[in-house]
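To start, the structure itself, in structure tokens.
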Amino acid sequence: MATKRLFSSLRHLSVWTVSLIMLVPLLLILLNSFKTQGEAASMNFKWPSQWVFSNYTVVIESGKLLQSFGNSMLYSVVSVVLGIVLCAMAAYVLSRKKTRINRFLYLFVVLGITMPVNHIALIKVMQTFNLMNTQIGLSLLYTALQIPFSVFLIYGFVSTVPRELDEAGVMDGCGSNTLFFRIIFPLLLPVVVTVMLLNFLASWNEFIFPLYYLNSSSLWPMTLAVYNFFGRYETAWNLVSADIVLTSLPVILIYLLGQKYIVSGMTAGSVKG
């Protein structure tokens, strides 16, 4: 018992240590967001000699942060809604009809989790369909990126739903759409919420894809709005820090609210199928 308590204490201590280390960059950014431009230039942990709350006002007004916030919401919400509907339907069909072709299709889709993105080929595809530098193009790109992991989680969760519900729905005269959206889909709520939260966080935090596929600053999400405060000869690190804090707040809030769903949904969806 003493040994178990010792290992438990060490485990909790290590978790708290890692958590505190992860909070160090956030603390650095938070402190520098309240400093003057001269004090923030050194990017240290010193307490601000003068608390400059107007940095956030300047960021919102001068950095077009409201416009960037709307863009981020558009890209994240559209990609999440499309991804949830398409991946849930695909996972349901692949899980229920386990033919050789469907098994191959499932493995082919899930393989996308490990495969890197070929940006050169992807740029050519986006240019061919006139999707470069467009909001709908980036939204569809985010949706495509979410498919492999979303199908993987939902596929496993569908296996826990009894097949008898499908048979009962068919006997009651349900069509395929009615059967899925009115009977099966509500039962997938735990994993659907998990996928929704994870995909929203991933889309909101994405930096590389909007940088490559959006040329107009009016279409930039919040992750790229930070470039508004990088000048040719100097950088306003206090405004950069304030921008990062405002960009991170929605992510932190959503994660805290949906943490229990993420843990339960991933546990249920990853151990089946």
Using a 3.5 Å cut-off and no angle test, enumerate the donor-acceptor pairs between side-chain atoms of residues 25-34 and protein atoms at least two apart in sequence or in another chain.
unit_1	atom_1	unit_2	atom_2	d
Asn32	ND2	Leu28	O	2.7
Asn32	ND2	Asn44	O	3.2
Ser33	OG	Leu30	O	2.6
Ser33	OG	Tyr56	OH	2.7

Gap separating the [atom1] atom of [X] from the [atom2] atom of [Y], nearest 0.5 angstrom:
| X | Y | atom1 | atom2 | result |
| --- | --- | --- | --- | --- |
| Ile154 | Ser95 | CD1 | OG | 11.0 Å |
| Ser54 | Asn238 | OG | CG | 8.5 Å |
| Leu10 | His12 | CG | NE2 | 11.0 Å |
| Thr223 | Tyr75 | OG1 | OH | 10.0 Å |
| Thr194 | Asn199 | OG1 | CG | 10.5 Å |
| Tyr106 | Leu94 | OH | CG | 9.0 Å |

Do [X] and [Y] come within less than 4.5 Å of each other through their side chains, counting heavy atoms only?
| X | Y | result |
| --- | --- | --- |
| Leu141 | Leu122 | yes |
| Leu189 | Phe157 | no |
| Val110 | Pro148 | no |
| Ser150 | Ile147 | no |
| Pro250 | Met73 | no |
| Leu214 | Pro221 | yes |

Quick check on [X]: does its [atom1] atom have over 12 non-hydrogen neighbours (other residues, nucleotides or ligands) under 6.0 Å away?
| X | atom1 | value |
| --- | --- | --- |
| Ile120 | CD1 | no |
| Phe7 | CZ | no |
| Phe129 | CZ | no |

Check against side-chain contact (heavy atoms from CB on, under 4.5 Å), Leu219 and Leu138
CA-CA 10 Å; Leu219 302 178; Leu138 190 64; over 6 Å; no
Can you pull out every side chain to side chain donor-acceptor pair (under 3.5 Å) where at least one residue sits in residues 165-186? Sequence neighbours excluded, please.
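Found Tyr92-Asp166, Arg96-Asp166.
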Qualifying side chain to side chain donor-acceptor pair (under 3.5 Å) pairs, either residue in residues 124-139, two or more places apart:
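As it turns out, the side chain to side chain donor-acceptor pair (under 3.5 Å) pairs with a partner in residues 124-139, which skip direct neighbours, are Asn71-Gln135.
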Quick check: closest heavy atoms across [X] and [Y], and the distance to 0.1 Å?
| X | Y | value |
| --- | --- | --- |
| Gly169 | Ile183 | CA-CD1, 3.9 Å |
| Ser218 | Ser216 | OG-OG, 2.8 Å |
| Ser79 | Thr143 | CA-OG1, 3.2 Å |
| Met126 | Gly137 | CE-O, 3.7 Å |

Going by atom types only, do Glu206 and Ser76 share a side-chain donor-acceptor pair under 3.5 Å?
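No, no side-chain donor-acceptor contact under 3.5 Å.
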Flag yes if [X] and [Y] sit in one hydrophobic cluster, no otherwise; membership is Ile, Leu, Val, Met, Phe, Trp, Tyr, and two members link when side-chain heavy atoms are under 4.5 Å apart.
| X | Y | result |
| --- | --- | --- |
| Val192 | Ile184 | yes |
| Leu187 | Met171 | no |
| Val245 | Phe45 | yes |
| Met115 | Ile208 | no |
| Phe200 | Val151 | yes |

Is [X] reaching over with its side chain to a backbone N or O of [Y], donor-acceptor style, under 3.5 angstrom?
| X | Y | result |
| --- | --- | --- |
| Thr114 | Leu111 | yes |
| Lys35 | Met43 | no |
| Asn205 | Leu201 | yes |

Under the side-chain contact (heavy atoms from CB on, under 4.5 Å) criterion, do Phe209 and His119 qualify, and how do the steps go?
CA-CA 9 Å; Phe209 286 93; His119 288 284; 3.6 Å; yes
With side-chain contact (heavy atoms from CB on, under 4.5 Å) as the test, would you mind laying out the steps for Val85 and Phe185 before giving the verdict?
CA-CA 9 Å; Val85 174; Phe185 191 78; 5.7 Å; no
Taking the six-membered ring for Trp, are the ring centroids of Phe69 and Trp204 within less than 6.0 Å of each other?
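Ring centres of Trp204 and Phe69 closer than 6.0 Å.
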Can you check side-chain contact (heavy atoms from CB on, under 4.5 Å) on Met89 and Phe181, steps first, answer last?
CA-CA 9 Å; Met89 291 191 296; Phe181 285 105; 3.8 Å; yes
Could you label the plane-to-plane angle of the Phe53 and Trp51 rings as parallel, tilted or perpendicular, counting under 30° as parallel and over 60° as perpendicular?
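Geometry flag for Trp51 against Phe53: parallel rings.
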